[in-house]
Amino acid sequence: MKTITIEGVKDFSPDHIFGCGQCFRWERQSDGSYEGIAKGNIARIYFEAQDPENPFGPGTLTIETTREEEHNGQTGGLQKEQEISFWRGYFDLDRDYGKIKKELVSRDTVMGEAIKSGEGIRILDQEPWETVVSFIISSNNNIPRIKKCINCLAENFGQRAGTCRGKEYYSLPEPRVLAALTKEDLACCRLGYRAGYLIKTAVKIKEDGKEKLEDLRECSCEDCFSYIKNLSGVGPKVADCILLFSLRKKNRFPVDVWMRKVMHELYGFAEDDIKGMSDFAEETFGEYAGIAQQYLYYHMRKKDEKRKEKKSR
DNA sequence: GGCCAGGGGATTA
DNA sequence: TAATCCCATGGC
(Lines give C-alpha, C1' and ligand atoms only; values in the text may rest on other atoms or scores of the structure.)
Protein backbone atom coordinates (compact mmCIF):
# COMPACT_ATOMS: atom_id res chain seq x y z
CA MET A 1 0.00 0.00 0.00
CA LYS A 2 1.15 3.48 -0.82
CA THR A 3 -0.27 6.67 0.66
CA ILE A 4 -0.38 9.95 -1.20
CA THR A 5 -1.42 13.14 0.52
CA ILE A 6 -2.28 16.34 -1.29
CA GLU A 7 -2.55 19.45 0.87
CA GLY A 8 -4.51 22.64 0.31
CA VAL A 9 -7.34 21.04 -1.65
CA LYS A 10 -10.46 23.23 -1.74
CA ASP A 11 -14.08 22.70 -2.81
CA PHE A 12 -13.80 18.96 -2.35
CA SER A 13 -16.39 16.55 -0.95
CA PRO A 14 -16.18 12.83 -1.72
CA ASP A 15 -19.94 12.47 -1.14
CA HIS A 16 -20.66 15.20 -3.67
CA ILE A 17 -18.08 14.06 -6.23
CA PHE A 18 -19.04 10.39 -6.22
CA GLY A 19 -22.73 11.06 -5.68
CA CYS A 20 -23.45 13.41 -8.54
CA GLY A 21 -23.99 10.62 -11.04
CA GLN A 22 -20.82 10.97 -13.07
CA CYS A 23 -19.17 7.68 -12.08
CA PHE A 24 -20.22 4.16 -11.15
CA ARG A 25 -17.12 2.45 -9.82
CA TRP A 26 -16.68 4.05 -6.39
CA GLU A 27 -18.40 2.87 -3.23
CA ARG A 28 -18.85 4.73 0.03
CA GLN A 29 -17.34 2.97 3.06
CA SER A 30 -18.76 3.17 6.56
CA ASP A 31 -16.04 5.65 7.61
CA GLY A 32 -16.98 8.07 4.82
CA SER A 33 -14.04 7.18 2.60
CA TYR A 34 -14.58 5.92 -0.94
CA GLU A 35 -13.05 2.86 -2.49
CA GLY A 36 -12.83 2.24 -6.19
CA ILE A 37 -10.77 1.98 -9.32
CA ALA A 38 -9.65 4.56 -11.89
CA LYS A 39 -7.57 3.67 -14.94
CA GLY A 40 -6.54 0.39 -13.32
CA ASN A 41 -5.55 2.09 -10.08
CA ILE A 42 -7.30 0.77 -7.00
CA ALA A 43 -7.63 3.36 -4.27
CA ARG A 44 -9.31 4.39 -1.07
CA ILE A 45 -9.67 8.13 -0.78
CA TYR A 46 -10.70 10.46 2.01
CA PHE A 47 -10.72 14.15 2.63
CA GLU A 48 -10.31 16.17 5.80
CA ALA A 49 -10.90 19.90 5.91
CA GLN A 50 -8.42 21.92 7.95
CA ASP A 51 -11.25 23.71 9.71
CA PRO A 52 -14.30 21.51 10.35
CA GLU A 53 -16.39 24.69 10.43
CA ASN A 54 -15.42 25.29 6.82
CA PRO A 55 -15.81 21.91 5.09
CA PHE A 56 -15.20 23.29 1.61
CA GLY A 57 -12.15 25.30 2.59
CA PRO A 58 -8.62 23.95 2.22
CA GLY A 59 -7.95 20.46 3.49
CA THR A 60 -5.98 17.28 2.95
CA LEU A 61 -6.85 14.71 0.33
CA THR A 62 -5.47 11.28 1.17
CA ILE A 63 -5.24 8.56 -1.44
CA GLU A 64 -4.27 5.05 -0.43
CA THR A 65 -3.37 2.96 -3.42
CA THR A 66 -2.85 -0.75 -3.57
CA ARG A 67 -1.17 -2.43 -6.45
CA GLU A 68 0.19 -5.89 -6.72
CA GLU A 69 3.72 -6.28 -7.97
CA GLU A 70 2.83 -8.63 -10.80
CA HIS A 71 0.20 -6.26 -12.13
CA ASN A 72 1.64 -4.14 -14.89
CA GLY A 73 -1.29 -1.98 -15.86
CA GLN A 74 -1.23 1.28 -17.74
CA THR A 75 0.02 3.27 -14.81
CA GLY A 76 1.87 0.39 -13.20
CA GLY A 77 5.29 1.25 -11.89
CA LEU A 78 4.68 4.97 -11.92
CA GLN A 79 6.93 7.18 -9.86
CA LYS A 80 5.31 8.96 -6.97
CA GLU A 81 5.39 12.29 -8.84
CA GLN A 82 3.54 10.77 -11.77
CA GLU A 83 1.06 9.16 -9.47
CA ILE A 84 0.29 12.47 -7.79
CA SER A 85 -0.11 14.08 -11.16
CA PHE A 86 -2.51 11.32 -12.23
CA TRP A 87 -4.77 11.87 -9.22
CA ARG A 88 -4.53 15.66 -9.52
CA GLY A 89 -5.81 15.27 -13.05
CA TYR A 90 -8.45 12.71 -12.13
CA PHE A 91 -9.94 14.98 -9.45
CA ASP A 92 -9.53 18.10 -11.60
CA LEU A 93 -7.53 19.73 -8.78
CA ASP A 94 -5.98 22.38 -10.97
CA ARG A 95 -9.33 23.97 -11.70
CA ASP A 96 -10.54 26.68 -9.33
CA TYR A 97 -14.09 25.59 -8.55
CA GLY A 98 -14.46 28.40 -6.02
CA LYS A 99 -14.04 30.91 -8.81
CA ILE A 100 -16.42 29.01 -11.09
CA LYS A 101 -19.08 28.87 -8.36
CA LYS A 102 -18.81 32.63 -7.90
CA GLU A 103 -19.20 33.20 -11.63
CA LEU A 104 -22.17 30.87 -11.94
CA VAL A 105 -23.96 32.52 -9.02
CA SER A 106 -23.45 35.95 -10.54
CA ARG A 107 -24.95 34.88 -13.86
CA ASP A 108 -28.08 33.26 -12.49
CA THR A 109 -30.30 33.46 -9.41
CA VAL A 110 -31.31 29.79 -9.06
CA MET A 111 -27.71 28.56 -9.12
CA GLY A 112 -26.95 29.87 -5.63
CA GLU A 113 -29.41 27.48 -4.08
CA ALA A 114 -28.23 24.58 -6.23
CA ILE A 115 -24.56 25.15 -5.45
CA LYS A 116 -25.29 25.14 -1.71
CA SER A 117 -26.41 21.49 -2.06
CA GLY A 118 -23.21 20.34 -3.73
CA GLU A 119 -20.40 22.77 -2.86
CA GLY A 120 -17.78 20.04 -3.12
CA ILE A 121 -18.64 18.72 -6.58
CA ARG A 122 -15.79 18.24 -9.04
CA ILE A 123 -15.92 16.69 -12.47
CA LEU A 124 -13.70 13.62 -12.66
CA ASP A 125 -11.38 13.11 -15.62
CA GLN A 126 -12.48 9.59 -16.52
CA GLU A 127 -11.24 7.19 -19.17
CA PRO A 128 -13.14 7.58 -22.46
CA TRP A 129 -13.65 3.86 -23.07
CA GLU A 130 -14.96 3.22 -19.56
CA THR A 131 -17.25 6.25 -19.87
CA VAL A 132 -18.61 5.08 -23.23
CA VAL A 133 -19.43 1.65 -21.80
CA SER A 134 -20.90 3.09 -18.59
CA PHE A 135 -23.21 5.56 -20.26
CA ILE A 136 -24.46 3.17 -22.93
CA ILE A 137 -25.53 0.99 -19.99
CA SER A 138 -27.00 4.03 -18.22
CA SER A 139 -29.67 4.62 -20.83
CA ASN A 140 -33.17 4.34 -19.36
CA ASN A 141 -31.65 2.78 -16.27
CA ASN A 142 -31.08 3.55 -12.61
CA ILE A 143 -27.79 4.03 -10.80
CA PRO A 144 -27.75 0.92 -8.55
CA ARG A 145 -28.45 -1.30 -11.53
CA ILE A 146 -25.90 0.48 -13.74
CA LYS A 147 -23.28 -0.22 -11.07
CA LYS A 148 -24.26 -3.88 -10.93
CA CYS A 149 -23.99 -4.23 -14.71
CA ILE A 150 -20.56 -2.58 -14.85
CA ASN A 151 -19.19 -4.68 -11.99
CA CYS A 152 -20.52 -7.80 -13.62
CA LEU A 153 -18.83 -6.91 -16.92
CA ALA A 154 -15.53 -6.24 -15.16
CA GLU A 155 -15.64 -9.38 -13.03
CA ASN A 156 -16.59 -11.71 -15.84
CA PHE A 157 -14.70 -10.29 -18.80
CA GLY A 158 -12.20 -7.74 -17.44
CA GLN A 159 -8.69 -8.06 -16.12
CA ARG A 160 -7.92 -8.58 -12.46
CA ALA A 161 -6.40 -5.35 -11.18
CA GLY A 162 -5.66 -6.32 -7.57
CA THR A 163 -7.24 -6.27 -4.15
CA CYS A 164 -8.06 -3.60 -1.63
CA ARG A 165 -8.84 -4.58 1.94
CA GLY A 166 -9.79 -8.08 0.86
CA LYS A 167 -11.95 -7.04 -2.07
CA GLU A 168 -10.92 -8.01 -5.59
CA TYR A 169 -11.02 -5.39 -8.32
CA TYR A 170 -11.24 -5.84 -12.06
CA SER A 171 -10.81 -3.37 -14.88
CA LEU A 172 -13.42 -3.18 -17.63
CA PRO A 173 -12.90 -5.46 -20.63
CA GLU A 174 -11.01 -3.95 -23.57
CA PRO A 175 -12.93 -3.25 -26.80
CA ARG A 176 -11.43 -6.31 -28.52
CA VAL A 177 -12.65 -8.55 -25.68
CA LEU A 178 -16.21 -7.18 -25.75
CA ALA A 179 -16.23 -7.23 -29.55
CA ALA A 180 -15.66 -10.98 -29.53
CA LEU A 181 -18.64 -11.69 -27.25
CA THR A 182 -22.24 -12.49 -28.12
CA LYS A 183 -25.45 -11.29 -26.51
CA GLU A 184 -25.74 -14.75 -24.98
CA ASP A 185 -22.29 -14.38 -23.39
CA LEU A 186 -23.42 -11.10 -21.86
CA ALA A 187 -26.75 -12.44 -20.61
CA CYS A 188 -25.30 -12.96 -17.12
CA CYS A 189 -24.78 -9.19 -16.81
CA ARG A 190 -28.47 -8.43 -17.40
CA LEU A 191 -27.80 -5.56 -19.76
CA GLY A 192 -31.05 -6.20 -21.58
CA TYR A 193 -31.33 -4.63 -25.00
CA ARG A 194 -28.17 -2.61 -24.29
CA ALA A 195 -26.00 -5.70 -24.81
CA GLY A 196 -26.35 -5.43 -28.57
CA TYR A 197 -25.41 -1.73 -28.56
CA LEU A 198 -22.37 -2.46 -26.43
CA ILE A 199 -21.05 -5.20 -28.71
CA LYS A 200 -21.60 -3.06 -31.82
CA THR A 201 -19.78 -0.13 -30.24
CA ALA A 202 -16.93 -2.38 -29.08
CA VAL A 203 -16.46 -3.62 -32.66
CA LYS A 204 -16.30 -0.04 -33.93
CA ILE A 205 -13.81 1.07 -31.25
CA LYS A 206 -11.72 -2.03 -31.81
CA GLU A 207 -11.52 -1.13 -35.51
CA ASP A 208 -10.74 2.56 -34.92
CA GLY A 209 -8.48 1.92 -31.93
CA LYS A 210 -8.96 3.03 -28.36
CA GLU A 211 -6.39 5.79 -29.01
CA LYS A 212 -8.84 7.42 -31.43
CA LEU A 213 -11.18 7.85 -28.46
CA GLU A 214 -8.42 9.41 -26.34
CA ASP A 215 -7.34 11.66 -29.21
CA LEU A 216 -10.82 13.18 -29.36
CA ARG A 217 -9.86 15.19 -26.28
CA GLU A 218 -7.84 17.43 -28.59
CA CYS A 219 -10.72 17.78 -31.08
CA SER A 220 -13.50 20.37 -31.24
CA CYS A 221 -16.81 19.78 -29.48
CA GLU A 222 -18.54 19.35 -32.83
CA ASP A 223 -16.10 16.66 -34.02
CA CYS A 224 -16.27 14.85 -30.68
CA PHE A 225 -20.05 14.93 -30.64
CA SER A 226 -20.50 13.64 -34.19
CA TYR A 227 -18.08 10.75 -33.64
CA ILE A 228 -19.44 9.73 -30.25
CA LYS A 229 -23.09 10.17 -31.23
CA ASN A 230 -22.45 7.79 -34.13
CA LEU A 231 -21.71 4.90 -31.77
CA SER A 232 -24.49 2.36 -31.31
CA GLY A 233 -26.60 3.03 -28.22
CA VAL A 234 -25.45 6.62 -27.99
CA GLY A 235 -28.00 9.41 -28.42
CA PRO A 236 -27.60 13.11 -27.62
CA LYS A 237 -27.89 12.69 -23.85
CA VAL A 238 -25.35 9.88 -23.55
CA ALA A 239 -23.01 11.65 -25.99
CA ASP A 240 -23.08 14.80 -23.85
CA CYS A 241 -22.22 12.75 -20.75
CA ILE A 242 -19.23 11.17 -22.50
CA LEU A 243 -18.01 14.57 -23.74
CA LEU A 244 -18.39 16.14 -20.30
CA PHE A 245 -17.06 13.32 -18.12
CA SER A 246 -14.18 12.01 -20.20
CA LEU A 247 -13.42 14.24 -23.19
CA ARG A 248 -13.01 17.34 -21.03
CA LYS A 249 -15.76 19.34 -22.74
CA LYS A 250 -16.95 21.21 -19.66
CA ASN A 251 -19.50 23.22 -21.64
CA ARG A 252 -21.75 20.23 -22.44
CA PHE A 253 -25.11 20.15 -20.63
CA PRO A 254 -26.65 16.64 -20.61
CA VAL A 255 -30.42 16.76 -20.14
CA ASP A 256 -31.94 13.66 -18.54
CA VAL A 257 -35.21 13.20 -16.66
CA TRP A 258 -33.74 14.80 -13.53
CA MET A 259 -32.53 17.81 -15.42
CA ARG A 260 -35.92 18.12 -17.05
CA LYS A 261 -37.43 18.08 -13.59
CA VAL A 262 -35.09 20.75 -12.22
CA MET A 263 -35.36 22.96 -15.29
CA HIS A 264 -39.14 22.69 -15.09
CA GLU A 265 -39.46 23.28 -11.35
CA LEU A 266 -36.81 25.96 -10.85
CA TYR A 267 -36.70 27.69 -14.23
CA GLY A 268 -40.22 27.14 -15.48
CA PHE A 269 -39.40 25.39 -18.73
CA ALA A 270 -41.94 23.04 -20.28
CA GLU A 271 -40.89 19.51 -19.29
CA ASP A 272 -40.28 18.39 -22.86
CA ASP A 273 -38.49 21.56 -24.01
CA ILE A 274 -35.00 20.05 -24.08
CA LYS A 275 -33.87 22.42 -26.80
CA GLY A 276 -34.93 25.43 -24.75
CA MET A 277 -33.11 24.09 -21.70
CA SER A 278 -29.89 23.46 -23.62
CA ASP A 279 -29.95 26.83 -25.32
CA PHE A 280 -30.57 28.56 -22.00
CA ALA A 281 -27.65 26.69 -20.39
CA GLU A 282 -25.31 27.59 -23.22
CA GLU A 283 -26.26 31.27 -23.05
CA THR A 284 -26.29 31.53 -19.27
CA PHE A 285 -23.49 29.23 -18.12
CA GLY A 286 -21.33 29.16 -21.26
CA GLU A 287 -18.06 27.29 -20.85
CA TYR A 288 -19.14 26.03 -17.40
CA ALA A 289 -22.54 24.66 -18.44
CA GLY A 290 -21.46 21.11 -17.61
CA ILE A 291 -20.36 22.06 -14.13
CA ALA A 292 -23.62 23.97 -13.63
CA GLN A 293 -25.45 20.83 -14.75
CA GLN A 294 -23.77 18.82 -11.99
CA TYR A 295 -24.82 21.31 -9.28
CA LEU A 296 -28.39 21.33 -10.58
CA TYR A 297 -28.56 17.56 -10.96
CA TYR A 298 -27.21 16.90 -7.47
CA HIS A 299 -29.50 19.56 -6.00
CA MET A 300 -32.55 17.92 -7.54
CA ARG A 301 -31.54 14.45 -6.36
CA LYS A 302 -31.05 15.78 -2.83
CA LYS A 303 -34.39 17.54 -2.93
CA ASP A 304 -36.09 14.35 -4.08
CA GLU A 305 -34.46 12.35 -1.27
CA LYS A 306 -35.80 14.84 1.26
CA ARG A 307 -39.26 14.66 -0.29
CA LYS A 308 -39.22 10.87 0.05
CA GLU A 309 -38.03 11.06 3.67
CA LYS A 310 -40.87 13.40 4.49
CA LYS A 311 -43.37 11.08 2.87
CA SER A 312 -42.17 8.00 4.74
CA ARG A 313 -42.38 9.78 8.08
C1' DG B 1 -41.03 13.98 -36.34
C1' DG B 2 -43.90 11.02 -33.46
C1' DC B 3 -44.43 6.59 -31.58
C1' DC B 4 -43.27 2.39 -29.41
C1' DA B 5 -40.46 -1.73 -28.15
C1' DG B 6 -36.38 -3.05 -25.68
C1' DG B 7 -34.99 -5.81 -20.01
C1' DG B 8 -35.32 -5.82 -15.64
C1' DG B 9 -35.66 -4.49 -11.08
C1' DA B 10 -37.16 -1.26 -7.52
C1' DT B 11 -40.65 1.54 -5.97
C1' DT B 12 -45.16 3.09 -5.70
C1' DA B 13 -50.26 2.76 -6.10
C1' DT C 1 -50.81 -7.53 -7.28
C1' DA C 2 -50.39 -4.07 -10.85
C1' DA C 3 -48.60 0.08 -12.60
C1' DT C 4 -44.87 3.12 -12.95
C1' DC C 5 -40.37 4.69 -13.23
C1' DC C 6 -35.55 4.70 -14.42
C1' DC C 7 -29.19 9.68 -16.08
C1' DA C 8 -32.80 7.01 -23.78
C1' DT C 9 -31.98 4.96 -28.15
C1' DG C 10 -33.14 2.61 -32.37
C1' DG C 11 -36.08 1.87 -35.86
C1' DC C 12 -40.06 2.43 -38.15
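A note on names: the letters A, B, ... follow the listed sequences, proteins ahead of strands, and every chain is numbered from 1. What you see is a predicted model; the values in this text were computed from it and never measured.
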Within this structure, what is the [atom1]-to-[atom2] distance between [X] and [N], rounded to whole angstrom?
X: A:Arg194; N: C:dA8; atom1: CZ; atom2: C1'; value: 9 Å
X: A:Glu305; N: C:dC6; atom1: CD; atom2: P; value: 15 Å
X: A:Leu191; N: B:dG8; atom1: CG; atom2: P; value: 10 Å
X: A:Lys200; N: C:dG10; atom1: NZ; atom2: C1'; value: 9 Å
X: A:Met259; N: C:dC6; atom1: CE; atom2: P; value: 15 Å
X: A:Asp256; N: C:dC5; atom1: CG; atom2: C1'; value: 13 Å
X: A:Asp240; N: C:dT9; atom1: CG; atom2: C1'; value: 14 Å
X: A:Lys229; N: C:dA8; atom1: NZ; atom2: C1'; value: 11 Å

A:Glu35 and A:Tyr169: side-chain donor and acceptor closer than 3.5 Å?
-> yes
Categorize [X] for me: base, sugar-phosphate, or nothing, with a 4.0 angstrom heavy-atom threshold over every strand shown.
X: A:Ile143; result: base
X: A:Gln22; result: base
X: A:Arg301; result: sugar-phosphate
X: A:Leu244; result: nothing
X: A:Val255; result: nothing
X: A:Cys189; result: nothing
X: A:Pro254; result: nothing

Side chain of [X] only, heavy atoms from C-beta on: which candidate in [options] is closest?
X: A:Ser139; options: C:dT9, C:dG11, C:dC6; answer: C:dT9
X: A:Arg190; options: C:dA8, B:dG9, C:dT9; answer: B:dG9
X: A:Asn142; options: C:dA8, C:dG10, B:dG9; answer: B:dG9
X: A:Tyr197; options: C:dT9, C:dG11, B:dG8; answer: C:dT9
X: A:Lys237; options: C:dT9, C:dC6, B:dA10; answer: C:dT9

Students often mix this up, so state it plainly: with edges at 30° and 60°, are the rings of [X] and [Y] parallel, tilted or perpendicular?
X: A:His16; Y: A:Phe56; value: parallel
X: A:Phe269; Y: A:Tyr267; value: tilted
X: A:Phe91; Y: A:Phe18; value: perpendicular

Given DNA chain C, 5'-ward residue of the pair A:Val234 and A:Trp258, judged by closest heavy atom = A:Trp258
Should A:Arg217 and A:Asp125 count as an ion pair when the cut-off is N to O under 4.0 Å?
-> yes
Shortest non-hydrogen contact from A:Thr65 toward A:Ala43 = CG2-CB, 4.2 Å
Where is the tightest heavy-atom contact between A:Cys188 and A:Cys152, given as atom of each residue plus distance?
-> O-SG, 3.6 Å
Report the residue (A:Asn140 or A:Pro144) whose heavy-atom-nearest nucleotide on DNA chain B is the more 5′ of the two.
-> A:Asn140
Considering heavy-atom distances to DNA chain B, does A:Tyr193 or A:Lys148 have its closest nucleotide positioned more toward the 5' end?
-> A:Tyr193
Qualifying residues under side-chain contact (heavy atoms from CB on, under 4.5 Å), relative to A:Ile274, sequence neighbours excluded = A:Val255, A:Arg260, A:Ser278
Using a 3.5 Å limit on both pairing distances, list the dot-bracket string of DNA chain B from the 5' end; Watson-Crick and G-U wobble pairs count, crossing pairs take [ ], interstrand pairs take |.
-> .||||..||||||
On a whole-Å scale, what distance lies between the C1' atoms belonging to B:dG6 and C:dC12?
-> 14 Å
With respect to the phosphate group of C:dC5, does any side-chain polar atom (N or O) of A:Lys261 fall under 4.0 Å of OP1 or OP2?
-> no
Indicate, with yes or no, if A:Ile242 and A:Trp258 share a hydrophobic cluster defined by side-chain heavy-atom contacts under 4.5 Å among Ile, Leu, Val, Met, Phe, Trp and Tyr.
-> yes
